[in-house]
*Asks:* 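Here it is, the structure in full.
Bear in mind that the values here come from a model prediction, so they are computed numbers and not experimental data. Every chain is numbered from 1, with letters handed out A, B, ... down the list of sequences.
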Amino acid sequence: MIGIIDCNSFYASCEQVFRPDLRGKPVVVLSNNDGCVIAANKEAKALAHIPMFEPVFKIKDQLIKNNVTFFSSNYTLYGEMSNRVMRILKEFSPIVEIYSIDEAFIDLSGLDHIDLEDYGHEIKKKIMRYTGLPVGVGIAPTKVLAKLANRRSKKEISNNHVYVINSEEKRIDTLHWAKIKDVWGIGKKHTTRLQEIGKHSAYDFTQLPLSWVRKNMTVVGERTWRELRGESCLSLEVMPKPKKAIGTAKSFGKKLTSIELIEEACSYYINEVSEVLRSQNSCAKYLQVFLQTNYHSNNDKQYHNSITVTLETPTNNTFILNTEGKKALHRIFKSGYRYKKVGVCLSGIVPENYVQTNLFHQTSEKKGLMEVFDKINQKFGKSTLSPALLNKSKIKEWELVKEQRSPRYTTQWEDILKIQ
DNA sequence: TCTGGGGTCCTAGGACCC
DNA sequence: TCTGGGGTCCTAGGACCC
């Protein structure tokens, strides 16, 4: 049996842990740049129709009128709270797959002698007691079924956030209960497609001939189909795999027209992604840089472009990547536009010790330099050392807007909660 | 005025190899 | 009239996830 534990309205719940005054009250968390709503607790969902990803400016009045508290996103806080949850889960099973910041699959095989429903409640209680975060627990023979069980644990109040599919009757019953769009792995396109041919429940989907599924939904759909029928196709991935692409792209706090500021942001992002690259002991062969205006705007002239640089030798050296990145940026930059976003993405990722050099390669790279660089930043905090990128202005004019960010209660000494 | 960010996997088709 | 057979690698685009 496989369990999936998933935190309820995770970001909003994290904020509430440190703000007990907000318990039982509506809370939403906004995306980067305070652009749109990315998390809402059940109180917020209940009182206002707050669609996820709704631009904030459209519903701000409504939020204020309803006394909804809103927060800018605070990923440092959420990341740390996530670690706490994952550590607790490891006490319940040695095999844990951290699937995302707020959910994990756990292996529950070999526990035939115990009542899995009780076990689920124990997990839920312990996480609540130790972290203050509410979770839902779904347990079933396959991952896809466990996901449905998890959904059912929350949707039907009587389940009290734990649901176990441990019989053929419960499996079939859950398949009838679940809408096709709620099946993990079936997104918008396939949902529309399936609805068009009259398939509305998960059960309907499992009754389609496999050949149809395979033809129209590839092998991915076939796995989903089999998993729903109780045949496990997706195993637990305990070891996190090295990333195949590492990128970052953030909207500017305001629209930018000058290349100097965009360049600064671009260098900053390259600094960030190369650090991630080194942390997994990899090098990258390709560096992509892209630039875009605000595609939502009807008034602005639109332009977007991207360029992918093939590096002579795969590298993880910030300075080399930065030089190449800047060159690339200059090649796609056109003046006369109001830019909204610049992004970088590293790909063609290979292990550091398997880098294929070319015939004429001369080792000039000083690996030790980057090592010292990373060590100092680990010890003294992010950006204690950084390339001289930000020499033009002390204030990062391109930086994100985060007007309502909560303190970093769990990671900064000066932000620790004071109790009087 | 204002609209997020970071990923994965699969397939078809083209170009190429012996 | 009639033109082989067995592969690999790469990329773009589509679908999906949180």
Side-chain angles (χ1 to χ4, degrees), chain A residues 4-11 28-39 50-61 63 70-75 78-79 82 97-105 143-144 147 150-151 180-194 213-224 233-234 237 240-255 265 269 272-273 276-277 280 285-286 288 290 292-300 306 308 310 338 340-349 400-403:
Chain A
I4 180 151
I5 291 84
D6 162 287
C7 301
N8 308 343
S9 320
F10 181 57
Y11 296 169
V28 301
V29 177
L30 312 179
S31 65
N32 271 341
N33 253 339
D34 294 349
C36 48
V37 175
I38 54 168
I50 301 173
M52 287 301 157
F53 307 107
E54 185 73 356
V56 172
F57 70 90
K58 283 191 184 167
I59 55 166
K60 200 156 187 175
D61 292 345
L63 295 179
F70 45 96
F71 290 93
S72 304
S73 33
N74 184 346
Y75 293 107
Y78 312 147
S82 171
E97 173 187 340
I98 299 173
Y99 178 68
S100 75
I101 193 162
D102 75 328
E103 55 188 288
F105 288 101
K143 278 183 163 181
V144 176
K147 276 283 220 179
N150 179 285
R151 188 178 178 82
I180 191 69
K181 72 169 171 53
D182 298 330
V183 174
W184 186 49
I186 297 182
K188 241 185 184 157
K189 297 277 174 172
H190 289 320
T191 296
T192 310
R193 180 105 201 249
L194 288 162
V213 175
R214 177 75 202 213
K215 184 161 168 260
N216 294 285
M217 300 172 70
T218 78
V219 68
V220 181
E222 173 170 347
R223 282 188 204 122
T224 306
C233 302
L234 305 167
E237 307 277 345
K241 291 187 183 138
K243 292 203 191 319
K244 296 179 173 178
I246 301 167
T248 191
K250 294 177 192 93
S251 302
F252 306 127
K254 57 182 188 187
K255 304 291 170 284
Y269 297 157
E272 277 184 355
V273 293
V276 176
L277 187 63
Q280 65 163 41
K285 190 172 180 201
Y286 305 109
Q288 184 193 28
F290 61 92
Q292 57 186 239
T293 49
N294 180 12
Y295 55 86
H296 290 292
S297 167
N298 296 320
N299 313 322
D300 287 319
S306 103
T308 302
T310 305
R338 295 173 71 232
K340 177 176 193 274
K341 184 190 278 187
V342 71
V344 299
C345 187
L346 299 168
S347 59
I349 290 177
L400 302 170
V401 177
K402 277 187 186 269
E403 286 182 349

*Asks:* If you check every side-chain atom of A/Ile246, which of B/dT3, B/dG7, B/dC10 has the closest atom?
*Replies:* B/dG7
*Asks:* Distance check needed: C/dA15 C1' versus A/Arg214 CZ, whole Å only.
*Replies:* 15 Å
*Asks:* Please classify the nucleic acid contact of A/Ile186 as base, sugar-phosphate, or nothing, using heavy-atom distances under 4.0 Å.
*Replies:* sugar-phosphate
*Asks:* Could A/Glu103 and A/Lys147 be called an ion pair, given the rule that one side-chain N must be under 4.0 Å from one carboxylate O?
*Replies:*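 Result for this pair is yes, salt bridge flagged.
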*Asks:* Rounded to whole angstrom units, what separation is found between the CD1 atom of A/Ile349 and the P atom of B/dG6?
*Replies:* 14 Å
*Asks:* With sugar-phosphate meaning primed atoms plus P, OP1 and OP2, does A/Thr248 contact a base, only sugar-phosphate, or nothing at under 4.0 Å between heavy atoms?
*Replies:* sugar-phosphate
*Asks:* For the side chain of A/Trp184, starting at C-beta, report the closest nucleotide among B/dC9, B/dG4, C/dC18.
*Replies:*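 Side chain of A/Trp184 sits closest to C/dC18.
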*Asks:* Where the side chain of A/Ser31 is concerned, which of B/dT3, B/dT11, B/dG4 is the nearest nucleotide?
*Replies:* B/dG4
*Asks:* Can you tell me how far C1' of B/dG4 sits from NZ of A/Lys250, to the nearest Å?
*Replies:*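 Result: 11 Å.
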*Asks:* What's the closest nucleotide to the A/Phe57 side chain, out of B/dC10, B/dG5, B/dT3?
*Replies:* B/dT3
*Asks:* Which whole-number value in Å describes the distance from A/Lys341 NZ to B/dG4 P?
*Replies:*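 Atom NZ in A/Lys341 sits about 7 Å away from atom P in B/dG4.
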*Asks:* Measure from the side chain of A/Glu103, starting at C-beta and using heavy atoms only, and say which of B/dG7, C/dC18, B/dT8 lies closest.
*Replies:*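 The listed nucleotide nearest to A/Glu103's side chain is C/dC18.
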*Asks:* Given C/dA15, B/dG4, C/dT11, which nucleotide is nearest the side-chain atoms of A/His190?
*Replies:*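 Among the listed nucleotides, the one closest to the side chain of A/His190 is C/dA15.
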*Asks:* Within the 3.5 Å criterion, strictly below it, is a donor on A/Ser100 or A/Asp102 matched to an acceptor on the partner's side chain?
*Replies:* yes
*Asks:* Can you identify which nucleotide, out of C/dC16, B/dG4, B/dT3, has its nearest atom closest to the A/Asn32 side chain?
*Replies:* B/dG4
*Asks:* Could A/Lys241 and A/Glu237 be called an ion pair, given the rule that one side-chain N must be under 4.0 Å from one carboxylate O?
*Replies:* yes
*Asks:* Of all the choices, C/dT11, B/dT11, B/dT3, which nucleotide is nearest to the side chain of A/His296 once you look at every atom?
*Replies:* B/dT3
*Asks:* Let me know the distance between CG of A/Asn216 and C1' of C/dC16, rounded to the nearest Å.
*Replies:*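 Distance check: A/Asn216 CG to C/dC16 C1' gives 16 Å.
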*Asks:* A/Tyr295 OH to B/dT3 P: how many Å, rounded?
*Replies:*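 After rounding, the gap between these two atoms is 9 Å.
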*Asks:* Heavy-atom nearest nucleotide on DNA chain B for A/Asn33 versus A/Arg338: which residue maps closer to 5'?
*Replies:* A/Arg338
*Asks:* Could you check how far CD1 of A/Ile98 sits from P of C/dC17, rounded to whole Å?
*Replies:*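 Computing the A/Ile98:CD1 to C/dC17:P distance gives 21 Å.
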*Asks:* NZ of A/Lys255: more than 12 outside heavy atoms within 6.0 angstrom?
*Replies:*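 Yes, NZ of A/Lys255 has more than 12 neighbouring heavy atoms, counting only those of other groups under 6.0 Å.
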*Asks:* Students often mix this up, so state it plainly: with edges at 30° and 60°, are the rings of A/Phe105 and A/Trp184 parallel, tilted or perpendicular?
*Replies:*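 Tilted: the ring planes of A/Phe105 and A/Trp184 meet at 30° to 60°.
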*Asks:* Looking at A/Lys189, does any N or O in its side chain come under 4.0 Å of the phosphate oxygens OP1/OP2 on C/dG13?
*Replies:* no
*Asks:* Let me spell it out: for each of A/Arg223 and A/Gly247, pick the nucleotide of DNA chain B with the closest heavy atom. Which residue's pick is nearer the 5' end?
*Replies:*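 The residue closer to the strand's 5' end, by nearest nucleotide, is A/Gly247.
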*Asks:* Nearest whole angstrom, please: distance from the P of B/dC9 to the CE of A/Met217.
*Replies:*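 It works out to 18 Å between those atoms.
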*Asks:* Respond yes when some side-chain nitrogen or oxygen of A/Lys254 is under 4.0 Å from OP1 or OP2 of B/dC2, and no when none is.
*Replies:*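 A/Lys254 to B/dC2 OP1/OP2: no side-chain N or O under 4.0 Å.
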*Asks:* Is the shortest side-chain N/O distance from A/Lys255 to OP1 or OP2 of B/dT1 below 4.0 Å?
*Replies:*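 Answer is no, no contact under 4.0 Å.
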*Asks:* Are OP1 or OP2 of B/dG5 and a side-chain N or O of A/Ser251 less than 4.0 angstrom apart?
*Replies:*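 Answer yes for this pair, as a side-chain N or O of A/Ser251 is under 4.0 Å from OP1 or OP2.
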*Asks:* Can you tell if the side chain of A/Ile38 reaches within under 4.5 Å of the side chain of A/Phe53, non-hydrogen atoms only?
*Replies:*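 Yes, their side chains come closer than 4.5 Å.
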*Asks:* Measure from the side chain of A/Ser100, starting at C-beta and using heavy atoms only, and say which of C/dC18, B/dT3, C/dT11 lies closest.
*Replies:* C/dC18
